[in-house]
Amino acid sequence: MNTMSKITFTMIKPEAVQANNIGSIVKMIEENGFRIVAMKKVQLSAERAGQFYEVHQERPFYGELVEYMSSGPIVAAILEKENAVADFRALIGATNPNEAADGTIRKLFAESKSKNAVHGSDSDENAQIEADFHFSSDELF
Ligand code: IDP
Ligand code: MG
């Protein structure tokens, strides 16, 4: 287990990809000191999206979330930085863009609480699980 929190996992969500915001979001990620270890554009099946968000399966928005996250391509990436998980959560802002701080990715690019532009891991353990879910070791650089 890496106690330095060197990596986090992110997805640029379907509405942000659809709105041609991949470049703007990646620019903010790099300008804030994150190194891109791996990155790819993929479309998740409903089954894969459901597996990814399995921890939320009892929440009322689970069905909507799975449908949304499989509705179009996403960009998945592994990011490296000291304190990566906490620093990336700070960069993306609150889940609800109406509550996100000025200058955060969600404040700038999110449409709503559900269509909120980006995912960010919430712990070192989940960052590793999520990275492993999307990437194999030969895709990491
Ligand atoms: P987070 O992405 O900020 O960590 P979580 O509570 O882990 O937020 O929720 C996962 C995702 O589920 C959110 O990013 C958002 O897309 C969606 N979501 C969260 N809460 C709601 C809600 O109340 N209504 C609809 N979608 C929601
Ligand atoms: Mg979360």
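Both counts, for ligands and for their atoms, begin at 1 and track the order of listing.
When non-hydrogen atoms are compared, ligand 1 lies under 4.0 Å from neither the backbone nor the side chain of Met69. If you look at Lys115 next to ligand 1, there are no close heavy atoms at all, none under 4.0 Å.
More than 12 heavy atoms of other residues, nucleotides or ligands shown are found within 6.0 angstrom of CG on Asp138.
Partner of Lys13 under the side-chain contact (heavy atoms from CB on, under 4.5 Å) criterion, chosen from Gln18, Met69, Lys115: Met69.
If you check which protein heavy atom lies closest to atom 19 (C) of ligand 1, you get Phe61 CZ, 3.5 Å. Here the protein heavy atom with the shortest distance to atom 16 (O) of ligand 1 is Ser114 O, 2.8 Å. Shortest contact from atom 10 (C) of ligand 1 to any protein heavy atom: His56 NE2, 3.6 Å. For atom 3 (O) of ligand 1, the nearest protein heavy atom (residue, atom name, distance) is Thr95 OG1, 2.5 Å. Closest to atom 6 (O) of ligand 1, if we only count protein heavy atoms, is Arg59 NH1, 3.4 Å.
A distance-only check finds no donor-acceptor pair linking the side chain of Thr8 to the backbone of Leu79 [under 3.5 Å].
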Using the side chain to side chain donor-acceptor pair (under 3.5 Å) rule, take Glu139 and His134 through it: C-alpha gap first, then chi angles, then the decisive distance, then the call.
-> CA-CA 10 Å; Glu139 295 177 292; His134 286 274; over 6 Å; no
So Gln128 and Asp124, side chain to side chain donor-acceptor pair (under 3.5 Å) or not? Walk me through it.
-> CA-CA 6 Å; Gln128 195 60 57; Asp124 289 352; over 6 Å; no
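Ligand 1 is approached by Lys13 to a heavy-atom distance shorter than 4.0 Å. A heavy-atom separation below 4.0 Å is not found between His119 and ligand 1. Not a single heavy atom of Met11 sits less than 4.0 Å from an atom of ligand 1.
Heavy atoms only, all atoms of each residue included: Asn98 and Lys107 are closest at O-NZ, 4.4 Å.
The contact set between ligand 1 and Asn116, taken as ligand atoms under 4.0 Å from a residue heavy atom, comprises 13 (C), 14 (O), 15 (C), 16 (O).
Under a cutoff of 6.0 Å and an axis angle of 45°, Arg48 and Tyr53 do not form a cation-pi pair. Lys40 forms a cation-pi arrangement with Phe135, by the criterion of a distance under 6.0 Å to the ring centre and an angle within 45° of the ring axis.
Across the listed options Arg89, Lys113, Arg106, Lys113 owns the non-hydrogen atom lying nearest to atom 23 (O) of ligand 1.
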